[in-house]
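These numbers come from a predicted model, not from an experiment.
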Amino acid sequence: MARVRLIPYKMEQQIDGASEIPAGVEMIQAPKKWEEGFKGSNVVVAVIDTGCDRHHPDLSNRIIDGRNFTTENYSNPRNFSDLNGHGTHVAGTIAAVLNGQGVVGVAPEAKLLILKAFDGKGSGDSNGIIQAIQHAIKWRGRNGEKVRVISISFGTKWDVPELHQAIRKAVANDILVVCAAGNEGDGDVRTTERIYPGYYKEVVQVGAVDKEGNMAEFTNINSEIDLVAPGVDVMSTYLNGKYAKLSGTSMATPHVSGAAAILIEQMEQELDRTLTEPELYAQLIKSTSPLGYSKREEGNGLITLSNDSLNIRKSEQQKEKQTSVKGNKMAGSGFVIADAEV
């Protein structure tokens, strides 16, 4: 049994109150889809993470169900409370409600299935994660709802065959699996940094950019990157009804998970049928805008939910950094932990 930990991330700022559309949600042009009537209505996204603050005013009515796969909360399977904050932050970026208060997620009418596989220290094990994936595959809502997207913001340096098998089964059941690329990047396009499950070919691997469209200095670079999303200074929900700005590919990933929920609603309404996982992946890749970086850095580009042109250009300074070796890792005053243990 492999011990797995959250991908190291950086706490930038904790905030008591907020009232805004986060910059990342704006950057991928989600509000344009809202204006067209698409907010991810009733699409179920499973979030495998540290749980969720189920009483947060921006999230409480977005949670359709949940389950605890850890020994935390007295091993109570019905108590998926978040004692870390990471899972609550991820959940808010996907589906925080649009009500003129607090923050709003990419798909504010999506439903969240909270699967707690990590404890307050950000620690979990491969068995719990696999059980969470299996639960997501089998889960059905009261009205026959099924999980359409699994959002994963954790990783290990070790290829765990049983984990890979579970992900393959999810994809075979037409569930899109969206994974963080990792935060061990050194800024050198010639070197490869990889973590699993992000590096598996079956998943959508997400790298991170800042608000100006520059590659985040920490984002992993490898040949399996599918696309990038905002991952620097991301504002979202946090513990005890509060808000926080965090940085990491963990924060980029839920932008893509939320975008997938919107695309599911839109395309299935237009086609009047259920999309397969390959079809959803194709729609996701069609909804990208190249930023001018190599495929190993940005994959197909920035997730973009509108055809409107982006006011993003790669700076000359960033071009110069593109092939330099910086060796920067995620650091800061926030919760930073090792990548994985076995």
Side-chain angles (χ1 to χ4, degrees), residues 5-15 18 20-28 30 45 47-53 56 58-59 82 84-96 102-107 112 118 122 149-155 178-185 195 198 204-220 225-239 242-261 298-299 302-303 328-337 339:
R5 292 183 179 267
L6 297 179
I7 297 169
Y9 65 94
K10 182 178 179 182
M11 165 73 78
E12 304 288 358
Q13 186 181 8
Q14 192 170 157
I15 303 162
E20 64 180 76
I21 299 176
V25 175
E26 291 271 19
M27 184 177 179
I28 70 168
V45 180
V47 181
I48 302 178
D49 214 290
T50 61
C52 186
D53 179 357
H56 197 293
D58 294 358
L59 292 171
D82 186 3
N84 176 279
H86 188 276
T88 299
H89 196 274
V90 167
T93 297
I94 296 171
V103 297
V104 58
V106 174
L112 298 170
F118 294 84
V149 181
I150 297 177
S151 192
I152 290 176
S153 289
F154 57 81
V178 184
C179 299
N183 302 334
E184 301 299 320
I195 62 168
V204 179
Q205 185 182 196
V206 185
V209 295
D210 65 19
K211 297 171 187 175
E212 285 72 47
N214 300 313
M215 296 301 303
E217 62 181 12
F218 53 77
T219 191
N220 281 6
I225 299 291
D226 289 288
L227 72 176
V228 294
V232 179
D233 287 337
V234 175
M235 171 75 90
S236 188
T237 47
Y238 205 62
L239 299 181
K242 296 184 179 181
Y243 304 87
K245 288 185 177 181
L246 304 182
S247 294
T249 54
S250 286
M251 286 64 249
T253 300
H255 286 89
V256 177
S257 301
E298 68 167 324
L302 175 71
I303 182 68
N328 291 331
K329 305 295 183 187
M330 292 298 291
S333 59
F335 181 72
V336 181
I337 52 181
D339 183 26

| query | Between NZ of Lys245 and CD of Gln14, what distance do you get to the nearest 0.5 Å? | reply | 13.5 Å

| said: Looking at every heavy atom in both Cys52 and Ala91, which two are closest together, and how far apart are they? | reply: SG-CB, 4.0 Å

| field | Derivation and outcome, side chain to side chain contact (heavy atoms under 4.5 Å, CB included), residues Leu239 and Asp82 | value | CA-CA 7 Å; Leu239 299 181; Asp82 186 3; 3.7 Å; yes

| request: Kindly indicate, with the supporting measurements, whether the criterion side chain to side chain contact (heavy atoms under 4.5 Å, CB included) is fulfilled by Val25 and Met27. | output: CA-CA 5 Å; Val25 175; Met27 184 177 179; over 6 Å; no

| field | Nearest non-hydrogen partners of Val256 and Ala229, listed with the distance | value | CG2-CB, 3.9 Å

| Would you call Val103 and Ile21 a side-chain contact if the rule is heavy atoms closer than 4.5 Å? | no

| query | So how far is it from Ile28 CD1 to Leu302 CG, rounded to the nearest 0.5 Å? | reply | 7.5 Å

| request: Check for a donor-acceptor pair, side chain of Thr237 on one end and backbone N or O of Tyr243 on the other, with a separation under 3.5 Å. | output: no

| query | Between Met251 and Asp233, does a side chain to side chain contact (heavy atoms under 4.5 Å, CB included) hold up when you go through it step by step? | reply | CA-CA 9 Å; Met251 286 64 249; Asp233 287 337; over 6 Å; no

| query | If we only count heavy atoms from C-beta on, is the Val204 to Leu227 side-chain gap below 4.5 Å? | reply | yes

| query | Sub-3.5 Å donor-acceptor pair from the side chain of Asp58 to the main-chain atoms of Ala96, do we have one? | reply | no

| Are Phe118 and Asn84 side-chain neighbours, meaning at least one heavy-atom pair lies under 4.5 Å? | no

| note | Here the pair of heavy atoms bringing Ile195 nearest to Ala181 is CG1-O, 3.3 Å

| request: Establish, from distance only, whether the side-chain atoms of Thr249 and Asn183 form a donor-acceptor pair under 3.5 Å. | output: yes

| request: Might you point out which heavy atoms bring Ser250 and Ser153 nearest each other, and give the distance in Å? | output: O-OG, 3.0 Å

| Going through the distances and angles, do Ile303 and Val228 end up as a side chain to side chain contact (heavy atoms under 4.5 Å, CB included)? | CA-CA 6 Å; Ile303 182 68; Val228 294; over 6 Å; no

| request: Identify the two heavy atoms, one from Ala259 and one from Val106, that lie closest to each other, and give their separation to 0.1 Å. | output: N-CG1, 3.5 Å

| message | Any side-chain to backbone donor/acceptor pair from Thr88 onto Asp53? Under 3.5 Å, distance only. | response | yes

| How about Tyr238 and His86: are their ring centres within less than 6.0 Å of each other? | no

| request: First locate atom NE2 of His89, then atom CD1 of Ile94, and finally report the distance between them rounded to the nearest 0.5 Å. | output: 12.0 Å

| said: Check whether Asp49 reaches the backbone of Gly51 with its side chain - one donor and one acceptor, N or O, closer than 3.5 Å. | reply: no

| query | Is His255 reaching over with its side chain to a backbone N or O of Gly231, donor-acceptor style, under 3.5 angstrom? | reply | no

| request: Return the minimal non-hydrogen interatomic distance between Ile225 and Gln205, and the atom names on each side. | output: N-NE2, 3.3 Å

| request: Ignoring hydrogens and angles, tell me if any N or O in the side chain of Ser247 forms a donor-acceptor pair with the backbone of Val232 under 3.5 Å. | output: no

